[in-house]
Every structure is written in structure tokens, then in C-alpha cells.
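Below you'll find the structure, written out as C-alpha cells, and then a few comments.
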Amino acid sequence: MPTIDGARVVADLKRLAEFGRYETGVHRPTYSETDVASRHWLAEKFAQAGLEPVIDGIGNVFGYARGAARRLLIGSHSETQPKGGWLDGALGVIYALEAARVFRDDPGLAGLGVDCVAWADEEGHYGNMLGSRSFTGVLTEAEIDHSRSREGVALRDALQAAGFAGKPRIGVEPGRYLGYLEAHIEQGDTLDSSGLRIGVVEGIVGIWNYRVILEGQQNHAGTTQMPRRKDAGVAMVRLATAIHDRFAQIAGKRTVWTIGRMLLDPNAPSVVPGRAEMQVQFRDTDETILARFAVALEELCAAADKAGPCRCMIEGMSQTAPRLMDEAFEAAIEAAAERHLPGGHMRMPSGAGHDAQVISHKLRAGMMFIPSLKGISHHWSEDTREADIVLGAQVFADAAAAILKAG
Ligand SMILES: [Zn+2]
């Protein structure tokens with residue numbers, strides 16, 4: 001099995017974090033000057049690892065292992081959230097780089113290769129997972145024409161300024177890969193709070209979002225007698241409580257649900273609210289549980305509507321399908337974790353979205369997590385113990401070797 005160089009992994013992560021350093025984290029939005037500079041730096045690192053570097057028309061950075069008979073594609077995204085952390089995305093890219101280096105140097109792995117990739121804009125500064133969706137062929141030219149950043153910058157202009165416009169966009173080359181692997185920090189506290197150090201990702205959750213609207217009668221808060229009121233705010237709060245109670249009864253082991261947005265209209269202290277709106281979201285890797293939640297939510301809304309005095313309406317806003325990871329890849333990651341850390345790992349879903357869910361439509365895909373201290377992410381204070389970073393790189397490289405050897 002390959003032996004990684006832990007100090008080299010940590011040094012490369014720290015160097016990458018210099019591009020856009022902010023406090024102890026990184027501010028490196030997609031196609032910003034620091035992001036473009038970091039992508040050229042990554043291309044250079046890929047070249048030093050013996051890979052052929054190519055930056056494509058959406059800003060994905062590839063490093064091709066020429067001459068290998070069997071290959072995995074390994075990587076993650078390299079931009080960050082605004083004032084984000086130094087490991088979110090970067091970890092998976094540097095793990096890929098390290099895997100490529102040990103594969104190059106280990107005679108026992110001759111003929112087996114790792115292609116590295118740093119995807120563009122997983123974090124959604126300009127769109128939804130632009131880089132991996134470009135690679136899998138679902139990002140259209142029309143979508144690129146219309147996409148803008150939150151600040152209003154056109155994606156076309158950003159690509160032009162970055163120097164990526166006019167380059168071909170690289171797609172999946174049929175037959176080139178056994179599959180895709182991605183390592184990532186967990187971004188939750190499941191590992192950190194349980195003292196475990198490796199997460200074997202079983203799937204990436206589907207996310208279903210609904211808007212629930214309550215319609216009553218706006219009126220004077222002093223003169224409207226209580227029995228005559230049609231208070232949309234009261235109706236919403238009661239319904240929200242009923243939803244939380246019902247979901248708790250029907251949830252799977254790891255289902256999560258959130259009412260993260262509530263609005264009252266007109267939202268004034270001396271006015272009985274005439275209209276209220278809330279958004280209800282739930283996540284699970286099991287589509288049957290998601291469907292069960294949807295039925296329960298619709299039933300509760302229908303019952304609230306029937307009971308009155310307010311009308312209750314529900315509309316679906318968005319639904320993403322859960323994506324399961326490849327079982328053989330899961331087993332390989334688990335076996336590698338068990339070799340280095342008996343009993344110190346667990347299988348778990350990913351509650352956050354990742355490029356692997358996009359790639360899983362075209363290639364067998366696997367994901368591995370390492371702990372996030374206190375579960376903090378999407379914040380500059382995000383961090384992971386150095387020993388966990390090094391251990392993760394070793395387990396990950398071992399898993400890649402096992403998958404490639406098994407063919
Ligand atoms: Zn990420």
C-alpha cells in the first residue's frame with residue numbers, strides 16, 4: 001500500500017490557503033483574481049506530480065496521468081465560500097494531488113493512475129456546481145449566458161476576465177475511469193462529537209423544499225374580538241408545531257427538517273396578521289422517507305385548511321434526488337480506515353451537497369469525510385486537527401489503491 005507524506009499534504013494545504021487568506025480562513029470566490037491564481041498554482045503542482053495539467057473553459061483544473069492502464073478521477077472544488085474555511089474543497093484537491101504523487105513514486109502501483117481535478121464553483125457563486133455539471137454535460141451554453149453572480153457580474157464576463165473563455169469545456173471521456181473519489185471535511189459534528197476520525201459516505205441527501213401559505217384576515221389588533229379573528233400568524237405557528245411533532249414520529253435515523261423562514265404580513269405589532277408564509281425543508285438519503293414526509297406535510301396542510309379559520313395552501317419549491325455512493329467504493333474506504341484505525345470510523349450520509357453527487361450520474365462515485373472541529377464550516381474559523389488531516393490522506397490513498405488494484 002502507498003505511503004503518503006503527511007507534512008507535504010499539510011504544507012500544500014497551507015500554501016493553497018495563502019490565496020485569499022482571511023483571518024485563519026480563506027476568501028476566494030470563484031473566478032476572483034485569487035481563485036484564478038490558485039488554479040494556475042494547482043496546474044503547476046499537478047505538472048510537478050508528473051501529470052499533464054489542463055484548465056478548461058469553465059475553470060476546472062485537470063491533471064492527467066498519462067500512460068496509466070486503469071485510472072480513478074479524484075478531486076473536489078478549490079474556490080471557497082465568502083470568508084470561508086481553508087479546508088472546504090481544498091482538502092479533497094490536495095488529497096488527490098498527494099495520491100497522484102504516491103502512485104507515481106510507488107513501483108507497486110505501476111500502471112495505475114490518478115487523474116486530479118479541482119472543480120469550479122461548487123460553492124455556487126455563479127451557478128449550481130458549474131464545474132462538475134459542465135463535466136457531466138448538463139451545463140448548457142444558454143445557462144452560462146444567463147448566469148450571474150450575487151453581485152450581478154455576468155458569468156461570461158467573469159470567464160473572460162479569468163482567461164478561461166474560449167477554451168473547450170472538458171467532459172467525461174467514456175471508459176477512461178473506474179470511478180470518482182472525493183474527500184471532504186464533514187462540515188457537521190457527527191465525527192467530532194463521537195470521537196471518530198473517518199466517515200464513509202453512504203449517500204448524499206436529497207433536499208425537498210415547500211412553501212406553506214396561510215391566509216386569514218388582516219384587522220385591527222385592538223378592536224377585533226378574539227372569536228372573530230382569522231389570525232394567519234397563529235395558524236402558521238400552530239401548523240409549524242404540528243409539522244415538527246409529526247415529522248419526529250415518522251423520521252428515519254438521520255432525517256433532518258427545518259422551518260428556516262417565516263414571514264408575517266404585514267408584520268406590525270398592532271395588526272392581526274392577514275397572511276403568513278413559511279418554508280419547510282427536509283433532507284434524507286432515502287427517497288421513500290422524503291416521500292413519506294411530503295405526504296405528511298400535505299395532510300397536515302389539508303387538515304389545517306379544513307379546520308379553518310385560515311386558508312392553508314402548499315406549493316413544492318424544489319426537490320433534489322438523493323444520490324447513493326458506490327457500495328464497492330464504500331467498502332474499500334471502510335477497509336482502509338479499519339486497517340489504520342480499527343473501530344475509529346463510521347458510515348454516514350452527507351447532509352451537504354457535493355460535486356460527487358453530480359459525478360455519480362456518470363461515474364461510480366465514493367466519498368470520505370474527516371472531522372470538522374465542533375462541526376464548524378462555511379466560516380473562516382473552520383478547522384481540523386493536523387493528525388486527522390494526515391490520517392485521512394493515508395486512508396484515502398489506500399482506498400484509491402485498493403479500488404484500482406481490484407479493477
Ligand atoms: Zn465543499
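Source: prediction; values computed, not measured. Indexing begins at 1, ligand by ligand and atom by atom, following the structure's order. Count residues from 1 along the sequence.
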Main chain of Gly59, side chain of Arg39: is a donor-acceptor contact present, judged purely on distance under 3.5 Å? yes
Using the Zn ion (ligand 1) as the vertex, how large is the angle between NE2 of His77 and OD1 of Asp88, rounded to 10 degrees? 100°
Measure up the Tyr177 and Phe135 rings against each other and bin them: parallel (under 30°), tilted (30 to 60°), perpendicular (over 60°). tilted
Examine Glu123 and say whether one of its N/O/S atoms is closer to the Zn ion (ligand 1) than 2.8 Å. no
Closest His184 atom to the Zn ion (ligand 1) [N, O or S only]: NE2
Show your reasoning for whether ring pair (Phe, Tyr, Trp, His ring centres under 6.0 Å) applies to Phe282 and Tyr210. CA-CA 9 Å; Phe282 38 91; Tyr210 289 83; 5.8 Å; yes
So does Arg28 get a backbone contact from the side chain of Thr80, meaning a donor-acceptor N/O pair under 3.5 Å? yes
